[in-house]
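Both ligands and their constituent atoms are indexed starting at 1 by order of listing. Just so you know, residue 1 is the first one in the sequence shown, and it goes up from there.
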Amino acid sequence: MVKSGKSPRIRPDVKEAAARHVHKLFMQAGSSDLVRVLKKEAFKQVYRQMIHEPDLFLPRTFPDDIEPWSGEKVAGPGEFLSGSLVLPTLPQVQIQLQEILDDPESSMEDLVEIINNEPKLSAAVLRLANSGLYQLDGKVETPAKAVEILGFEKAGSLALGTVSLSLFKRQNNPVLDLKKFWKHSIACGVVAQEIAILAKLGDPERFFAGGLMHDLGLHVIFESDQGLALELYKLAHSDGYNLYKAEQELLGFNHASLGGYILNKWKFPRQLIAAAWGHHNPRKVKTDPDAMVTHVADFIAQALGYDLGISPVIGFIDRTAWEKLGITGEQVIELLPEIRRLIDDIFQILED
Ligand SMILES: [Fe+2]
């Protein structure tokens, strides 16, 4: 017997609105066991939010002084970047990190020295090492210890990912909510790492860094011109569109190829370039492990509510990519409490 007052009464009007919202969210997703379990999870979350935070579902408004975009399609990322757009320069510490990660002669001491010289970086590395991401809770007291316990590769990727995220400045952008962008990037990194562990791909920390950086190109596009950002937002709300398709239509290329292009210019590790460049590429997501994991993690992150707030539709998940990982939707669902906790912890650490 249900005890009155214990189980909340279902509100049919909200239930119907939540079902409509989730139907739209997944309308281009295709079918797989992952989509089935994520839909259920998304419905529970949307229903809860519609009850407790209904403002989240109000139509967005934009300042009316945004200049309309007057650009047109270009041949590709190279031409887009050759205009007036100024890319952020890489911080010196990032260049040093990449150099030692690329150099087979580098030692643990070289890595510790770079981390120690940057107080913000050493604080972030310590807090991340103890965050539960590596199951080392509370054991790491100095950057040297972090590098010793995690090893050169893991600690190096962690440091590189941390510094990279600082490239995404959080000044106000009227269309792209930068807090949402950070959360989406972190969520994609955490989910990518967790599914890489489940799929026994080895070297899971590189998938974390890949997830953190995968939408770099999207950030660059939305920061480049407010009028363009608004056009993309509007088109991404039209029937049959998602953000990726809207970019393709307005610009002639998409944020994935732009992100890969930039990371390549910045001489990032090959796997991080593949994660960004390939995460929407139909061939790469089936064949390249970094593109595959990032593609799936990006989808899961959005389904769980860590979306960018730009399009009401998530887009497509490649069934072959998902099946090749050899894990089940239920395995992902079991990890959700841990995934959500890690995302919140890491967001707090990196936000400081
Ligand atoms: Fe993307």
Side-chain angles (χ1 to χ4, degrees), residues 25-30 34-35 38 76-77 80 161 164-165 167-168 173 175-193 195-196 207-224 228-229 231-233 235-237 241-264 268 271-286 288-318 321-322 343:
L25 198 62
F26 285 87
M27 69 192 306
Q28 296 174 4
L34 179 68
V35 169
L38 287 175
F80 182 70
S164 301
L165 212 59
L167 292 171
F168 305 136
N173 181 307
V175 184
L176 179 65
D177 177 335
L178 294 173
K179 190 172 168 183
K180 272 183 172 282
F181 179 83
W182 270 60
K183 274 229 165 166
H184 172 68
S185 304
I186 292 167
C188 188
V190 168
V191 174
Q193 169 154 328
I195 59 178
F207 294 95
F208 175 65
L212 285 184
M213 295 305 289
H214 79 292
D215 270 345
L216 165 77
L218 193 147
H219 189 269
V220 171
I221 289 173
F222 274 77
E223 289 282 289
S224 70
L228 168 61
E231 286 280 298
L232 285 168
Y233 176 92
L235 192 53
H237 275 69
Y241 279 87
N242 54 47
L243 176 58
Y244 173 86
K245 230 180 136 178
E247 291 169 342
Q248 205 67 47
E249 171 130 342
L250 288 184
L251 296 168
F253 66 94
N254 61 70
H255 68 267
S257 48
L258 177 63
Y261 181 93
I262 296 169
L263 291 177
N264 189 36
F268 264 60
Q271 291 99 335
L272 298 194
I273 298 171
W277 185 72
H279 78 278
H280 292 301
N281 179 301
R283 194 172 57 81
K284 284 281 171 195
V285 299
K286 291 183 184 68
D288 180 291
D290 293 85
M292 187 185 291
V293 168
T294 311
H295 170 73
V296 172
D298 179 26
F299 184 89
I300 295 175
Q302 293 182 71
L304 296 177
Y306 302 103
D307 58 83
L308 295 160
I310 301 290
S311 174
V313 178
I314 304 182
F316 176 67
I317 175 163
D318 189 292
W322 165 243
I343 294 169

(Q) Between His280 and His214, is there a side-chain donor-acceptor contact under 3.5 Å, judged purely by atom types and distance? (A) no
Q) Mind checking what makes side-chain hydrogen bond (donor to acceptor under 3.5 Å, both in side chains) contact with Gln248, not counting sequence neighbours? A) Asn254
Q) What pairs with Gln193 under side-chain hydrogen bond (donor to acceptor under 3.5 Å, both in side chains), at least two apart in sequence or on another chain? A) none
Q. Partners of Lys284 by side-chain hydrogen bond (donor to acceptor under 3.5 Å, both in side chains), sequence neighbours excluded?
A. none
(Q) Please give me the protein atoms (N, O or S only) lying under 2.8 Å from the Fe ion (ligand 1), ordered by chain and number. (A) Asp215 OD1, His255 NE2, His279 NE2, His280 NE2
Q: May I ask you to decide if Tyr233's main-chain N or O and His237's side chain share a donor-acceptor pair within less than 3.5 Å?
A: yes
Q) Does Thr294 offer a backbone N or O that forms a donor-acceptor pair with the side chain of His279 under 3.5 Å? A) no
